[in-house]
Amino acid sequence: MNAMSQPATTPELTEQDSSVTDDLGEILQGLRRSPKALSPKFFYDDRGSRLFDRITELPEYYLTRTELSIMREHIGEIVSLVGPHASLIEFGSGSSMKTRILLEHLDRLAAYVPVDISRDHLVAAAETLAADFPHIEVLPVAADFTQPFDLPLPKVMPLRNIVYFPGSTIGNFSPDAALALLEVMHQEAKEDGALLIGVDLKKDQAILERAYNDSAGVTAQFNLNMLKRLNNEFAANFDPGRFEHRAIYKESPGRIEMHLVSLREQAVVVAGETFHFGKGETIRTECSHKYALDDFAAMAGRAGFSVHTVWTDPREFFSVQYCLRR
């Protein structure tokens, strides 16, 4: 029996608790702020994850197809840099579209470790990949990857760890939080490890705003779904019909901001605490920072990585970067 014909096994899930109590405290703290703000991690229940998968296919959303084109064009170089018998650790695995390119080409991969906070979506994606790549051990971890977590032990000990963070998700974090996340990645990469990361680049404001205000309204559904999740999981009584989606680019911090805008004066209860909204008042739900190449290299350096290779598309809209752990 050759490697490709081995029977698939069901991936064994490792769960590392993200405390509901801690999440609730974070939500209440965010709603007490002025202006109000919530973490984008609360987008990703099962429906939110599926809506985001739809966003990646929208014509205005250049990020996914541009990143995919970069990966396909330069996969030979990536494989050469990663080398054989690596463990691929993907932070925020989602549906793992881009990961398939790596799983199809990396040399004798020791294990694939997808890490995601959305348990059900993670399990479904891991099972699909385990069936499609039965020769690769798939070890999903349900965890909040912004905090250090324990890696599962693969059957074949890897020669090195490659942390993979596609989609420019690093841009969802404030500069301080992005640095802290890169430091977690540095820890998980371990000695002789590396980071393969997607980083969205600064560009024309109109292009950016179209990408986050799609004509089909899918991003609006995605944003408003956060309120439904708060209702379902955190004893809230938001009426999503009383809010609308807004996304704008702010030049000075160099970021897209997504907001939920209150359409009227209203009061909302979350876990027994009442929050008042004025008409036009917003909850900021996401910041998506865009980087110049030098700025990202400097931040990666502070986290203990050195940028080894950068690949971009011809328009320099997006970059895929390979960073070595120092």
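Quick caveat: nothing in here was measured; it's all calculated off a predicted structure. Just so you know, these numbers use all the heavy atoms, side chains as well, and skip hydrogens, waters and symmetry mates.
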Validation: residues 69-77 side-chain donor-acceptor distances under 3.5 Å, sequence neighbours left out:
| unit_1 | atom_1 | unit_2 | atom_2 | d |
| --- | --- | --- | --- | --- |
| S69 | OG | T66 | O | 2.7 |
| H74 | ND1 | E77 | OE2 | 2.8 |
| E77 | OE1 | W311 | NE1 | 3.2 |

I would like to know whether S288 and K290 meet side-chain hydrogen bond (donor to acceptor under 3.5 Å, both in side chains); could you show each step before the answer?
CA-CA 7 Å; S288 186; K290 311 304 174 183; 2.9 Å; yes
Stepwise, does the salt bridge (Lys or Arg N to Asp or Glu O under 4.0 Å) test hold for E26 with K41?
CA-CA 11 Å; E26 184 177 349; K41 75 180 183 181; 2.9 Å; yes
Could you check E57 against T64 for side-chain hydrogen bond (donor to acceptor under 3.5 Å, both in side chains), going step by step and ending with a plain yes or no?
CA-CA 8 Å; E57 299 171 354; T64 301; over 6 Å; no
Quick one, Q187 with E183, criterion side-chain hydrogen bond (donor to acceptor under 3.5 Å, both in side chains). Give me CA distance, side-chain angles, the key distance, then yes/no.
CA-CA 6 Å; Q187 179 175 328; E183 290 171 343; over 6 Å; no
Would you sort out whether R325 and E191 count as a salt bridge (Lys or Arg N to Asp or Glu O under 4.0 Å), showing the intermediate values?
CA-CA 7 Å; R325 186 187 192 273; E191 187 175 358; over 6 Å; no
Would D200 and Y62 count as a side-chain hydrogen bond (donor to acceptor under 3.5 Å, both in side chains) here? Give the steps.
CA-CA 10 Å; D200 198 18; Y62 63 86; 2.6 Å; yes
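No more than 12 heavy atoms of other residues, nucleotides or ligands shown are found within 6.0 angstrom of CD on E12. By the neighbour-count criterion of 12 heavy atoms within 6.0 Å, atom CD of Q29 is sparsely surrounded, having that number or fewer from other residues, nucleotides or ligands. Summarising the local packing, CZ of R229 is surrounded by more than 12 heavy atoms from other residues, nucleotides or ligands at distances under 6.0 Å.
With respect to the salt-bridge test (charged N to carboxylate O, under 4.0 angstrom), the residues R65 and E67 do not qualify. By the 4.0 Å N-to-carboxylate-O rule, E257 lies close enough to K250 to be salt-bridged with it. With respect to R119 and D46, no salt bridge is recorded, no charged nitrogen being found less than 4.0 Å from a carboxylate O.
A side-chain donor-acceptor contact under 3.5 Å links D144 and T146. No side-chain donor-acceptor contact under 3.5 Å links D192 and N161. Between the side chains of T309 and Q321, no donor-acceptor pair of N or O atoms lies under 3.5 Å. For E281 and S262, the side-chain atoms include no donor-acceptor pair closer than 3.5 Å.
L159 is not connected to L151 by any chain of hydrophobic side-chain contacts under 4.5 Å among Ile, Leu, Val, Met, Phe, Trp and Tyr, and they are in different clusters. In this structure, V261 is not a member of the same hydrophobic cluster as I256, with clusters built from ILVMFWY side-chain heavy atoms closer than 4.5 Å.
Test L263, T282, L227 against F243 for side chain to side chain contact (heavy atoms under 4.5 Å, CB included) and you get one pass: L227.
Between V79 and L102, every side-chain heavy-atom pair lies at or beyond the 4.5 Å cut-off. P11 is not listed as a side-chain neighbour of L139, based on a closest heavy-atom distance of 4.5 Å or more. Using a 4.5 Å heavy-atom cutoff, the side chains of Y112 and Y164 are not in contact. Between R100 and T128 the shortest side-chain heavy-atom distance falls below 4.5 Å.
Taking the six-membered ring where the residue is Trp, F91 and F145 present tilted rings, their angle falling between 30° and 60°.
Remark: side-chain polar atoms of D214 are not paired, donor with acceptor, to backbone N or O of E60 under 3.5 angstrom. At distances below 3.5 Å, not a single donor-acceptor pair connects side-chain atoms of H186 with backbone N or O atoms of L182.
With sequence neighbours left out, the side chain to side chain donor-acceptor pair (under 3.5 Å) criterion links R160 to Y322.
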